[in-house]
Every structure is written in C-alpha cells, then in structure tokens.
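Here's the structure, in structure tokens; my notes come after.
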Amino acid sequence: MNPYDHDKIEKKWQKVWESKKPNKVKEDPQKKKFFALIEFPYPSGDGLHVGHIRSNTAMDIIARKRRREGYNVLYPIGWDAFGLPTENYAIKTGIQPSVVTKNNTDTFRRQLKALGFSFDWSREVNTTDPKYYKWTQWIFLQFLKKGLAYKKKLTINWCPKDLIGLANEEVIDGCCERCGTKVEQKEKEQWMLAITKYADRLDNDLDETDFLEKIKIQQRNWIGKSEGAEIEFPIKGSEKKIKVYTTRPDTLFGVTYVVLAPGHTLIDEFINKADNTIEVAQYIKTVREKDDEERTNAKTAKTGVELKGIRAINPVNNEEVPIWIADYVLADYGTGAVMAVPAHDERDFEFAKRYSLDVKQVIAPYFENTTDLALRKDLPLVEREIIHAIVKNPKTNKFLVIKWKEHNWQSFVTGGMEKGEDIVDAARREVLEESGYKNLKHINMPGSAWQVHSAFFAKHKNENRYMKARGILFELENEEKIGVSPEEQGKHDLMWIDEKEVGPFLTYENQRLVWNYLEGNSKTLYSGFGKLVNSSEFSGKDSESIKKEITQFAGGQWVTKFKLRDWIFSRQRYWGEPIPVVHCIKCGIVPIPEKNLPVELPKVKNYAPTENGESPLAAIEKWVNTKCPTCKGTAKRETDTMPNWAGSSWYYLRYADPSNKKVFADAKNLKYWTPVDWYNGGMEHTTLHLLYSRFWHKFLFDLGLVPTSEPYKKRTSHGLILAEGGEKMSKSKGNVINPDSIIKTVGADALRIHEMFMGPFDQAIAWDTNTIAGSRRFIERIWKLQEKIGTTADEKLEVVVHKTIKKVSEDIEEMKFNTAISAMMIAVNDFEKSEKISRGHYEILVQLLAPFAPHVSEELWAHLGNKTSVHASVWPMFDPKKLTESTVTMTVQVNGKMRGTIECAVYTDDATVEKMALDKPEIAKWTKDLSVKKVIIIKNKLINIVVG
RNA sequence: GCCCGAGUGGUGGAACUGGUAUACACGCACGACUUAAAAUCGUGUCCCUUACAGGAUGUGGGUUCGAUUCCCACCUCGGGCACCA
C-alpha cells in the first residue's frame, strides 16, 4: 500500500470535480430543495482567512450530507467586493479598484477550490459587476418609488481620515470602525432608507424564524420596541403643548418638571419669552459643541437649564411644573421631551438632586405574603399605618435597632399610629415608650416618610392586614432618657449598631427599603411597580395595571416606539454602486429610467474623495453633467454611492438565477429555491447585514417579487478564530495564518478536520498550529486501516459502527462537529484493536468521513472498488437495534458513591440486579451491618443502594 | 448599569432527559523499533496517598438516593447595548 500523499490525492480529485462539476444544480421540481448559505466573502488583499474556512467547511459538511439524503442542494458562493479597503488600496497605488478586485477574487477562488468546497461555481456572483449592481440600483429605484428612499439634511458621523459619513452602527466608542479615528459631526444631505417603517414587522416576524435565540434577542434589543403613552402638557398662558413620551404613565402624579431635548422645536418659540433668554441660548450653544460621545454618554454628569418664567401644566392634577432643557433627553427618540419623575427614575433623580428640584413619591413598593402568612380569602383587609423610627446617635454614628424576644424578628423601633396623630409625633412616642430616649431631632430629607406597603394575615388578630409603613429619621440631641416599663423591657433587647450592619440586621425586606430610601442615592430609589400613593383617585391602585387608564385620564394616547433609526444610505466614495438619480434644475430629483440601468461607474484617475467631502465622482465633469430624463434639460448626476451593505442585502436571491438579464431573478426560480434553508454567519452581522437584508426582503415581498416574507429560515453563527495569543488576527499584528502553507504541508482535508475539531463551532477559539498533527494522524490511521479489510463478523464492531452513524448524523445537524469527529476517532481506535475489519464497516466509516475530508474519502472509496463518487452515495442509516450489545456494565453505588460495577444481560430485572450487586464482595463490604433502606435502579445503567 | 454566553486536568475540550466526571485530541513521561534521530507503535498521565481511604467541575448555600447538569446568592472572563424616558 502506498503512503498517504495528500497533495497528489487532493489535486487529482479537484481536477475531476472541476471538469465533472458534480455540485452544479438545476431547478428540479421533482426533487426537494435545500438552500445552504454562507456569507459571501469580501475579497481582501490578505487572501482567505482561517475563519472563512471554519464557516465554509461547516456549511459544506451540511450541504454534502443533504445531497446524500436526496436533496437538490444549492450551495453558492460570490464576492461582496465593494468597499473601502479596495478603494484605499487604489488611492495608494493608482491601480483601478476593478483590477484589484479581479486579482483578489482570483486568489480567493483558487484558495476555496483548494479546500474542496462543494460550491456551485456556475452561480458565482460579484456585487461590483455592472450586470449585478444594475439590480441593486433597480431595487433602490423601487424604494424611491414607494417613498422609502428619501433625502434628509442631518448631522452625520464624519470620519475626517476616511472622509466618509458613517452610520451609527459603524461608529465604535465614538471612533471610526475602520480606522479608529475620532468621529466628528457634520451637516450633510444624505440618502435615507426608511427601515423604521418595517421595525414592527422585523421584530414580530422573528417569531416565525428558526434563528439562534441569542440572534433574535440581539435583533430585538437593537430594534428596541417599547410601548407607552404620549401625553400633552399644556404650556401656561399659551395654546402650545409639550408632548412627552413615557412608558410609565402610572407615575404621572409624581411629575415635578418636564424636560425638552436641546433641539426641540418649542425652544425657538419660547426662548425669547423666558426670563433668562441669554442663559438658555448659551446652554444650547455649548451642547451643540459637544461631540456625539460626550452627549450620549450616560456616565457624564447631566446638565441643563430652566426656561424661567414658563410653566407646564400637569394634565392629571393641573399642577404647574417648571420646564427644563437638558441634554440627557434625546431629540430623536419618542417626542424629544419627557416628563420627569425623580422619585421613580434614576436619571430624573440624578438631575433633580443636582438642581434641587422636587421629588415626590407616587409608587409605594408592595409586598404581599404568599407563604406562611398569605391573605385569607374569607377575611376583610384591615388597613393600618405604622412608623419605623430610625434613631441615630451622632456621637457614635450608630443606629438604634431592636431584637424582639417573642417574635423572632429584628427591626427598628416601630409601632402603629393612633387616630389623628402626626407621623413624627407617633415616632417620638414609640421611641420614648420602647427605649426611653426623650430628646430627638427630626431630620427631614427626601425619602424620609416615603411609604412601603405590605399585606399579610395577622394570626394573633385573625385578620388580614394592609400595612402602610413610613420611616422617620431622628438624631439624638443627647442621651437623656426616662425609665422604660418592665413590660416593654421584657419584650425586646435594644442595640446600637454601625450603619453597614443595619441592612443585614433587618428581618423584612420592607424595612430594608425604608432604610434604603434614606441613603438618598439613585441606586436605592424605587423604579419598580407597586401601589399608587399621592395620586388622588388612583391612590391605592396597582401601578402596572393602571397605566392605560391613567393615560386616558390624562387625555393621552397609547403608542409604540422603536430605538431603530432610518438607515443612512449615502457614501461619498467611489467604490460603490452609484445612486441612480439625477438632479434637474426644473424637475428636481429624477430617477434614471429602469431601461437605462446600470449607471456604471466611470473610470477615474484619482480615487481620493474631494476635500469638501464629495465623492471623487463629483470631479468628473463629463460624467456628472448630463441630461434630465424627463425634460431633457441640463442636470447633474447624483455623486453619492451606496454603502457596501447594499449589494449584500439581496445577493442570496441572485443565486437563484445569477445571469438573468430581464429581472433580478426569475419568479419560478425564486419560488423553487427561496427561502434560504440554513444561513450561517458571524454574530457581528446580526444588527447590520442580517437586519438590512431582512428589511429588503420584506420590501420585495410587499411588491410581490419574492415568495416569502422572511429570507432565511434558519440562522446560526460561528465563533471567531483568534490568533495564537487570543488576540484578533490582523495583518498589522503579523499574526495571520496562511491556509496555503498548511494545505501544502498537511493537506486541505487535515485542515478542514482540524478546524472542525478544534472546539465547539459557536465559540471563539485561539488558533493552535501544533495540534493539527492530530487531525493529520487521524486521516493517516484511516488510510492504514485499509490493510485490515477482510472478512469478519465482529458483533462489537457492528455496535460501534451503528453508534458512530447515529452520533455523526445527529451532531452534524446540531453543528457539534468536534464531537462528530471524536466519535469517528473512537471508531478508528476500535477498528485498530481488531485483527480484521469488514469491508462494509470500513465503507461506512469512509462515507461518514466524506463531508469532513472529501478528497481522501473519494480516494479510499475508489480503492474499495466503487465506480461512482462517495459524495453521491446514500447517507448511512443506523439500526436502533444494533446500538447496544447483549450485555451491559452497570454502575453500583452505595449511598450515592460509586463502589463497583456489575456485568449483566440487557434489561435484567430489578430483583436480579439488586441481588447481583449485593452479592458482590466489594459491594457487600459497604453494606455489611447496615440495613438496606432503599434501592434505586436505572435500567441498564445504575443501581444505588441506600443503607443506614 | 442592562441583556446574552461561559468558567471542568499542563492545553483544546467531552458528558444523553439529573445517573461511572475528565471521552476524543494535543502535550508530557517511560518503553519498543533504530547505530542515532524523526516517524510509527505500546504503556502511563485530575489532586493527595506505598496502599486503603479521601478530595476535586469558579465560590458559598439549597433541592435530591444521586448535581458539571436544577434553584438561590456571589466572583471572574468574553460578547452586545448603553441617558431609548
């Protein structure tokens, strides 16, 4: 037998596949289809990344398995080739981007072919091909027609190095995603796509998909759906009203001021009427000068200014409240104005504290006992008001607490209020009665006297109690005290403890909340739901369920809002699809007629953007100056191009019919192939590409151009491959792994196995070149097993083979490739131990290996005398009856500790198993002199003998 | 701060629905083959211990005959979002 020569074998079969094209597919209505998709690569100058190989191999394995299960499989590939790196390279070298792209795609194609991926190469697409981007432009015109593409002047994130406008998604920590330069703000007219019109459907329709849960969650968070109320606050002495958006209309009675975002339109109207016009103008100016990061960073202190002399009226109680302008309120979310409820919102609280604004409690936290003291249904609820007197000794900085002798609980000095009694007087009285201290100074502060409610069954009185508790803070003026009655003394012990010990000392959560209120920081204010207080007729109601009712009472409306913003679709760059419109002096914006598409990129000499931020296209007069398609008058072409997310938003549709000249894809082909059955890609594309393409797809669906409302049935994601130190791989760090050299030394099959075996597919992992040896060895051992093929009837191997079929088949479906390979390794180990192995068993091993290592499997398959491809053979099935041998090893535990094993026939009855176990000397040792209390038997697995 | 995910040998990692923790692989050690080395094959390899017995899945509790797996609290790391009212 010849030694395993990977290079010879891989080249041989790649040549065969190149000429026979086994993976080229046709639409075949007789056959069920399977559309397997990976994110088409950006052909960078660095060549193929080991990360590409990981995700491509995974999908290749799935595609190859599906073919052998009888599916008509479409597994296509293409190039997402517009983009900045190519353009920057062109700027530097003067080589045309189209030429750079051609060179890079050639390299990628060669590398992908060297790895044996089963792509249908006849369907290759390239976003920079005019025959392709003709349809990207065509789809844009449909957006324009429907009013979903529009121009808008806005301050954009501007990268001063790349000279390009960036979408919010492309700004990371205030810096350009590509080059890391600090982003600036700049006013510019931009093309927008109205993705927000689809926000609700993009959220809801996730329910229909089989995306990984974390992907759904991340998209939902990004879309940011929220329901709440829009409520109008009239401005006193004016017809104007301030409309605010709130998710907490239940806190309306706690509003102590309203806030406008600095860009709010009402400011212009009222700034001159305010008593402090200059101060307000000054504030708005400073806000405008702040950069995006400073303005939106929650950590920086909140600033603001009051519109003095102008007041808003709270519609629920006609209370007048001040109006503030503050930059912690965002102009482009909700209504650009909020009602501030500092008692129940962290941000409002922080702001109110800084500017000494009122804080008013309207929600009392509510605790209902549901266990030992649950309310009795048949009894009435008796309301009681109580106080907790919190006494501090300023000399020692300690607090007075009580340990109750009878009740087994610990608290502050506490007691009920008497009829008509003032809360502070009540608290003084309780302190006097229980401790004897007579000189107390009441400390009034926000949070003191705030209520906490609770309900429980009072056993000793046989009644249901509804308790309203308040905390009152005192400081001892001196330690003078009167004698306490012996009766009181018998009930409890008094103690003085440190501030930090108070929280843990208290038995009940409601007292702990009262205590927290007094700390007076935003961490301890209560922002949850509870019972309304200080809310006129709504007092006492449950705050969560009353939201819509209060909204109605305030004359407001229940609405839905989203965090998602419209998509900035313009780029001032060369290497992108030209936006196919002209600007005509007479007619305005006029779309290029569809029959004149594509608007091709002209060749230019200089690819650098102009200094004023225009695309380099603007400098080509011959191209820019054109005629208006409508009036034939002079017009100028739009010089903005599309972002590189455009071409990738619909590429999977083009695969269905890649060379169609009449439509972007024939309806029949789309009907057959779409939706994509399984799409694997990176988590980094969850909120950009994946969301954008779902949006485009839904739009095309609404036009009746695609058959389904969702493009992808199932979406999974791979973990990143990091460099050996755990850092990101990058050319600048010099830690990039070149697949070419690995293929040369150990072969493409070994590389594929290695990448699948290195760890769980969905988790990030650091590259380790040393361990490839194991994968290479694995292939060599299978190769050598050929020598053992002979006639044998080994029952043990039969079980091993069927177990392996089951494990490999199931693991591929769950993308657990590492354990699938380990199952095959176990089989190989068992095969090696055997004198001979049967041809049938070996064939199955080769068939299971085929999707992972397609070249060597094909070679071994041919060695076995097969005339057709292993990749066309039917996927092996396992026989459930052959998964277990006739005897099993059962674990014997005594009191849960493993003490030995027994060999017995499968499904031996429990009594026999128990006897066998107890009879074994090494088990008897542990049960001697003890009585068997219980025996637990798990069939064919385990027996646990409980003795005592 | 909020939302996901993860913490298991020297390393990557495995463990079905709660049932022998450490499969599989890398590395390492020893042995065989060899003049020698590489390659290959064999044996061993969680900790402590001569052995028996113990102990160990980030930490601390809980449920259970039995917990890597379920529950509670906490710590650490990775990813995403971050003034969205």
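So that the names make sense, note that chain A is the first sequence line, chain B the second, and so on, each numbered from 1. Since we're looking at a predicted model, the values are computed, not measured.
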Could you state the [atom1]-[atom2] distance from [X] to [N], rounded to the nearest angstrom?
| X | N | atom1 | atom2 | value |
| --- | --- | --- | --- | --- |
| Phe233(A) | A85(B) | CZ | P | 16 Å |
| Ile923(A) | U20(B) | CD1 | P | 15 Å |
| Lys941(A) | G19(B) | NZ | P | 7 Å |
| Ile826(A) | A15(B) | CD1 | P | 11 Å |
| Asp327(A) | C83(B) | CG | C1' | 9 Å |
| Glu213(A) | G5(B) | CD | P | 9 Å |
| Lys563(A) | C83(B) | NZ | C1' | 11 Å |
| Met890(A) | G19(B) | CE | C1' | 10 Å |

Checking contacts here: which listed nucleotide ([options]) is nearest the side-chain heavy atoms of [X]?
| X | options | result |
| --- | --- | --- |
| Asn944(A) | G54(B), C81(B), G19(B) | G19(B) |
| Lys214(A) | A23(B), C3(B), C4(B) | C4(B) |
| Thr891(A) | A25(B), G19(B), U20(B) | U20(B) |
| Lys934(A) | A85(B), C65(B), G19(B) | C65(B) |
| Asn829(A) | C3(B), A85(B), C24(B) | C24(B) |

Taking atom [atom1] of [X] as the centre, does the number of heavy atoms from other residues, nucleotides or ligands within less than 6.0 Å exceed 12?
| X | atom1 | result |
| --- | --- | --- |
| Glu835(A) | CD | no |
| Lys788(A) | NZ | yes |
| Lys796(A) | NZ | no |
| Lys561(A) | NZ | yes |

Of all the heavy-atom pairs spanning [X] and [Y], show the shortest one and how long it is.
| X | Y | result |
| --- | --- | --- |
| Thr551(A) | Gln557(A) | CG2-N, 3.7 Å |
| Ser717(A) | Leu212(A) | N-CD1, 3.8 Å |
| Arg54(A) | Glu755(A) | N-OE1, 3.0 Å |

Once you apply a heavy-atom cut-off of 4.0 Å, does [X] come out as touching a base, just sugar-phosphate, or nothing?
| X | value |
| --- | --- |
| Ile217(A) | sugar-phosphate |
| Gly774(A) | sugar-phosphate |
| Arg220(A) | nothing |
| Met825(A) | sugar-phosphate |
| Gln893(A) | base |
| Lys897(A) | sugar-phosphate |

For atom [atom1], what is the distance between [N] and [M], given to the nearest Å?
| N | M | atom1 | value |
| --- | --- | --- | --- |
| C26(B) | C77(B) | P | 33 Å |
| U64(B) | G58(B) | P | 23 Å |
| C46(B) | C28(B) | C1' | 15 Å |
| U43(B) | A25(B) | P | 12 Å |
| A15(B) | C24(B) | P | 13 Å |
| G31(B) | C75(B) | C1' | 46 Å |
| G55(B) | U68(B) | P | 13 Å |
| G60(B) | U76(B) | C1' | 15 Å |

**Item:** Under-4.0 Å side-chain N/O to phosphate OP1/OP2 contact, Tyr333(A) with A85(B)
**Value:**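 True: Tyr333(A) side-chain N/O within range (under 4.0 Å) of A85(B) OP1/OP2.
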By ring pair (Phe, Tyr, Trp, His ring centres under 6.0 Å) - contacts of [X] (at least two apart):
| X | result |
| --- | --- |
| Phe351(A) | Tyr257(A), Trp324(A), Tyr328(A), Tyr355(A) |
| Phe562(A) | none |
| Trp767(A) | His754(A) |

**Prompt:** Would a 4.5 Å heavy-atom cut-off, applied to side chains only, mark Phe852(A) and Met824(A) as touching?
**Reply:**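 Yes. Closest side-chain heavy atoms under 4.5 Å.
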**Prompt:** Given side chains that start at C-beta, do those of Lys225(A) and Leu564(A) come closer than 4.5 Å, heavy atoms only?
**Reply:**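 Result no, sub-4.5 Å side-chain heavy-atom pair not found.
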For [X], side-chain contact (heavy atoms from CB on, under 4.5 Å) partners two or more places apart:
| X | result |
| --- | --- |
| Leu930(A) | Val947(A) |
| Glu780(A) | Tyr4(A), Arg776(A) |
| Thr209(A) | Leu206(A), Phe211(A), Lys216(A), Glu710(A) |
| Thr745(A) | none |

**Asked** Where along residues 252-266 of chain A does a heavy atom come under 4.0 Å from RNA chain B, residue by residue in number order?
**Response**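 Close to the strand, none.
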**Message:** Using modelled atom types and a 3.5 Å cut-off, is there a donor and acceptor pairing between side-chain atoms of His344(A) and backbone atoms of Ser527(A)?
**Reply:**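 Side chain of His344(A) to backbone of Ser527(A), a donor-acceptor pair under 3.5 Å: no, none is there.
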**Tyr245(A) side chain vs Gly228(A) backbone, donor-acceptor pair below 3.5 Å** =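 Yes, Tyr245(A) side chain to Gly228(A) backbone: donor-acceptor pair under 3.5 Å.
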**Request:** Check whether NZ of the Lys or CZ of the Arg Arg248(A) lies under 6.0 Å from the centre of the six-membered ring of Phe529(A) and within 45 degrees of that ring's axis.
**Result:**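 Satisfied, under 6.0 Å and within 45°.
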**Request:** Would you kindly compare Val946(A) and Ala301(A) by the position of their nearest RNA chain B nucleotide and give the one closer to the 5′ end?
**Result:**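 The residue mapped nearer the 5' terminus is Val946(A).
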**Prompt:** Taking the nucleotide of RNA chain B with the closest heavy atom to each, which residue, Tyr245(A) or Thr901(A), is nearer the 5' end?
**Reply:**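 On the 5' side of the pair lies Thr901(A).
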**Message:** One character per nucleotide, please: for nucleotides 44-52 of chain B, 5' to 3', B when the base has a protein heavy atom closer than 4.0 Å, S when only the sugar-phosphate does, - otherwise.
**Reply:** ---------
**Item:** Base-paired stems in RNA chain B, each at least three Watson-Crick or G-U pairs under 3.5 Å
**Value:**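 Output for stems: B:1-7 with B:75-81, B:10-12 with B:24-26, B:27-32 with B:40-45, B:58-62 with B:70-74.
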**Prompt:** Syn or anti for G9(B), taking syn as within 90° of 0?
**Reply:**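 Classified syn.
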With the criterion being N/O to N/O and under 3.5 Å, what pairs connect the protein with nucleotides 38-40 of chain B, and how long is each?
residue, atom, partner, partner atom, Å
U40(B), OP1, Arg777(A), NE, 3.3

Taking N or O atoms only and anything under 3.5 Å, show me the protein contacts with nucleotides 7-14 of chain B, one pair per line.
residue, atom, partner, partner atom, Å
G12(B), O2', Met758(A), O, 2.4
A14(B), OP1, Asn818(A), ND2, 3.1

